[in-house]
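Note sheet for the following structure.
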Number of protein chains: 4
Amino acid sequence: MEFNEHKAIYLQIADRLSEKILNEEWVSEDRIPSVREMGVEMGVNPNTIMRTYDYLQTLEIIYNKRGIGYFVSQNAKNVIFKIQRECFFNEDLPIIFKKMKLLSITEEEFHKHFCNISE
Amino acid sequence: MEFNEHKAIYLQIADRLSEKILNEEWVSEDRIPSVREMGVEMGVNPNTIMRTYDYLQTLEIIYNKRGIGYFVSQNAKNVIFKIQRECFFNEDLPIIFKKMKLLSITEEEFHKHFCNISE
Amino acid sequence: MEFNEHKAIYLQIADRLSEKILNEEWVSEDRIPSVREMGVEMGVNPNTIMRTYDYLQTLEIIYNKRGIGYFVSQNAKNVIFKIQRECFFNEDLPIIFKKMKLLSITEEEFHKHFCNISE
Amino acid sequence: MEFNEHKAIYLQIADRLSEKILNEEWVSEDRIPSVREMGVEMGVNPNTIMRTYDYLQTLEIIYNKRGIGYFVSQNAKNVIFKIQRECFFNEDLPIIFKKMKLLSITEEEFHKHFCNISE
DNA sequence: GTGGTCTAGACCACC
DNA sequence: GTGGTCTAGACCACA
């Protein structure tokens, strides 16, 4: 698995797992792979996965049953949805808009690319 | 001067200087402040500024006359424009679009925020 | 370890490491010593090594796995070969030839020294 | 006038002036341009020219008549010839040969380029 | 453990 | 005065 340079690997993994939940590939109460299994799957040190799970747990997206494993929380999907929309509107958008202005990128250009990729 | 936490200071300074060039606050062949002056101005160690200048020089945004100082390159504005637009379209946009899809954010919603902020 | 006076130490180290790769003392995907180890080995500050590694990375001769270390790139040897041959033919040779002409040094004389040293 | 990056400007100027003497563009007892004139001609600070003249004077290639100017020495041409040949054989050649070996450049290749340029 | 960034202060060659 | 290099030592996030 390939990782982006500018973001911590454990956060990139958190993003992918969140996607799986948004996609309903994983649903509430599913048991997710163990730290070791996931480490192998991602080609990454188990410590790194541990950190991802830790992070998702503080966000109450997954929870832990000791000695058994990690499970998707009841509200996982909604939580992710809420967190990410907030982040998108409050943090990402202002930066995007500022950049677009500075680089003279119009909404039309933006729209054009949007269509291209959506096809 | 205040800096963001999650990005190296020398890169944040590079961004600001690039903005100055995009704004035409600085134009081709202008001499920019010396490493030490800029260090004082930014409240930062001269070495850090040196790193910024080094970085901007590899991008051919500024160049050096030995013993004299750093100067804005001929094509500085175009170079910055090109680099940043490329980055925006090839790296930022795909991520944004993917996120929007995943979070069910429509172009209309995007547009609405765009107008709000632009006012 | 001894260093020449008129060239930055970090560049001299870069040269030596490049030689190791040309010699196949180090090959693709080898992990090279950490910044600190190499610092000790060379009798030099780790920051200086960092600079060397940074430099070699921009040339795509080595690459970094975060938290793990630096590794020799796939094409490292070819890259070095190409860069150095280009430099030799485009920059060094014209200067050499000009000098030889100016100093009335013939190819025969050059050849004679070549043989002497090669023995 | 354009300067190379890797050598002090004052030395590059010294090289050009030496060339003029080897070319017999300047001959023994010629008065050479004043520091200021030369500074203008080269697009360089007079201090830098001063340094060049100083350097050439220690090598006894030029000499100074106070209040009048700098002049080409009697033996200037021979001195330059001797110094530069020595430098070439003792310092340049070993480096060149080492590089050629490392880069698998044969004398034939060297010869080929020699012919190309000489034409 | 790894790299990465930053500071403070030094010294140098060069213009 | 300018940039450039180097050191020593600190702190941090990440694996």
Side-chain angles (χ1 to χ4, degrees), chain A residues 3 5-13 35 39 42-52 54-55, chain B residues 3-13 31-39 42-55 57 62-71, chain C residues 3-13 31-39 42-55 57 62-71, chain D residues 3 5-13 35 39 42-52 54-55:
Chain A
F3 295 101
E5 308 191 339
H6 299 306
K7 201 172 172 181
I9 292 178
Y10 83 95
L11 289 176
Q12 293 182 54
I13 294 176
V35 169
M42 296 284 182
V44 140
N45 190 300
N47 283 330
T48 306
I49 303 295
M50 192 64 235
R51 218 163 157 180
T52 302
D54 233 51
Y55 173 71
Chain B
F3 294 103
N4 177 302
E5 301 194 341
H6 295 308
K7 200 171 172 182
I9 292 179
Y10 82 94
L11 289 176
Q12 293 182 53
I13 294 176
R31 179 173 176 279
I32 68 179
S34 81
V35 172
R36 300 172 223 251
E37 283 165 3
M38 186 63 87
M42 295 285 181
V44 137
N45 190 292
N47 278 332
T48 304
I49 302 295
M50 190 66 236
R51 221 167 153 182
T52 302
Y53 284 10
D54 221 51
Y55 173 71
Q57 192 172 28
I62 62 178
Y63 67 94
N64 176 256
K65 285 187 196 163
R66 278 179 300 174
I68 302 178
Y70 279 93
F71 295 78
Chain C
F3 294 103
N4 178 301
E5 303 193 341
H6 295 308
K7 199 171 173 181
I9 291 178
Y10 82 94
L11 289 177
Q12 294 182 54
I13 294 176
R31 180 173 175 279
I32 68 178
S34 80
V35 172
R36 300 174 223 251
E37 283 166 3
M38 186 63 87
M42 295 284 181
V44 137
N45 189 290
N47 279 331
T48 304
I49 302 295
M50 189 69 237
R51 220 167 155 181
T52 302
Y53 284 11
D54 222 53
Y55 173 71
Q57 192 172 29
I62 63 179
Y63 68 95
N64 175 258
K65 285 188 196 164
R66 280 179 300 172
I68 301 178
Y70 278 93
F71 295 78
Chain D
F3 296 101
E5 307 191 338
H6 300 306
K7 201 170 173 182
I9 292 178
Y10 83 96
L11 288 176
Q12 293 183 53
I13 294 175
V35 170
M42 297 284 182
V44 139
N45 191 300
N47 282 330
T48 304
I49 303 295
M50 193 62 235
R51 216 160 159 183
T52 302
D54 234 49
Y55 173 71

Would you indicate what Gln12(C) reaches in the nucleic acid, counting non-hydrogen atoms under 4.0 angstrom: base, sugar-phosphate, or nothing?
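Here Gln12(C) touches no strand at all.
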Heavy atoms under 4.0 Å, any strand shown: does Tyr70(C) hit a base, just sugar-phosphate, or nothing?
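Here Tyr70(C) touches the backbone only, sparing every base.
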Nearest whole Å is fine: how far is [N] [atom2] from [X] [atom1]?
| X | N | atom1 | atom2 | value |
| --- | --- | --- | --- | --- |
| Met42(B) | dT7(E) | CE | P | 13 Å |
| Asp54(D) | dA13(E) | CG | C1' | 15 Å |
| Met50(D) | dC14(E) | CE | C1' | 16 Å |
| Ile62(B) | dT2(F) | CD1 | C1' | 14 Å |
| Ile49(C) | dG4(E) | CD1 | P | 13 Å |
| Phe3(B) | dT5(E) | CZ | P | 15 Å |
| Asn4(B) | dT5(E) | CG | P | 14 Å |
| Tyr53(B) | dT5(F) | OH | P | 16 Å |

Taking the side chain as every heavy atom from C-beta outward, state whether Phe3(C) and Ile13(C) have any pair of such atoms under 4.5 Å apart.
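A side-chain contact under 4.5 Å exists here.
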Min side-chain heavy-atom separation Met50(B)-Asp54(B) under 4.5 Å
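Side-chain contact under 4.5 Å: yes.
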Got more than 12 heavy atoms from elsewhere within 6.0 Å of OH, Tyr63(C)?
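Yes, because the 6.0 Å sphere around OH of Tyr63(C) holds more than 12 heavy atoms from other groups.
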Inspect the surroundings of CZ in Phe71(C) and state if more than 12 heavy atoms from other residues, nucleotides or ligands are less than 6.0 Å away.
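More than 12 within 6.0 Å, yes.
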Closest non-hydrogen atom pair between [X] and [Y], with its separation:
| X | Y | answer |
| --- | --- | --- |
| Gln12(B) | Lys7(B) | NE2-O, 2.7 Å |
| Gly69(B) | Arg31(B) | CA-NE, 4.1 Å |
| Tyr53(C) | Ile62(C) | O-CD1, 3.6 Å |
| Met42(C) | Ile49(C) | CG-CD1, 4.3 Å |
| Thr48(B) | Val44(B) | CB-CG1, 3.5 Å |

Mark yes or no for a side-chain to base donor-acceptor pair under 3.5 Å between Arg36(C) and dG1(E), with no hydrogen or angle criteria applied.
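In this structure, the two groups form no donor-acceptor pair.
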Whichever of Asn64(C) and Pro46(B) has its nearest DNA chain E nucleotide further upstream toward 5':
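Result: Asn64(C).
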Would you tabulate the nitrogen or oxygen pairs shorter than 3.5 Å linking the protein to nucleotides 13-15 of chain F?
residue	atom	partner	partner atom	Å
dC14(F)	OP2	Arg51(A)	NH2	3.4

Using the C1' atoms of five pairs at each end, what's the angle between the two axes of the helix from dG1(E)-dC14(F) to dC14(E)-dG1(F), to 10 degrees?
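One end's axis against the other's: 20°.
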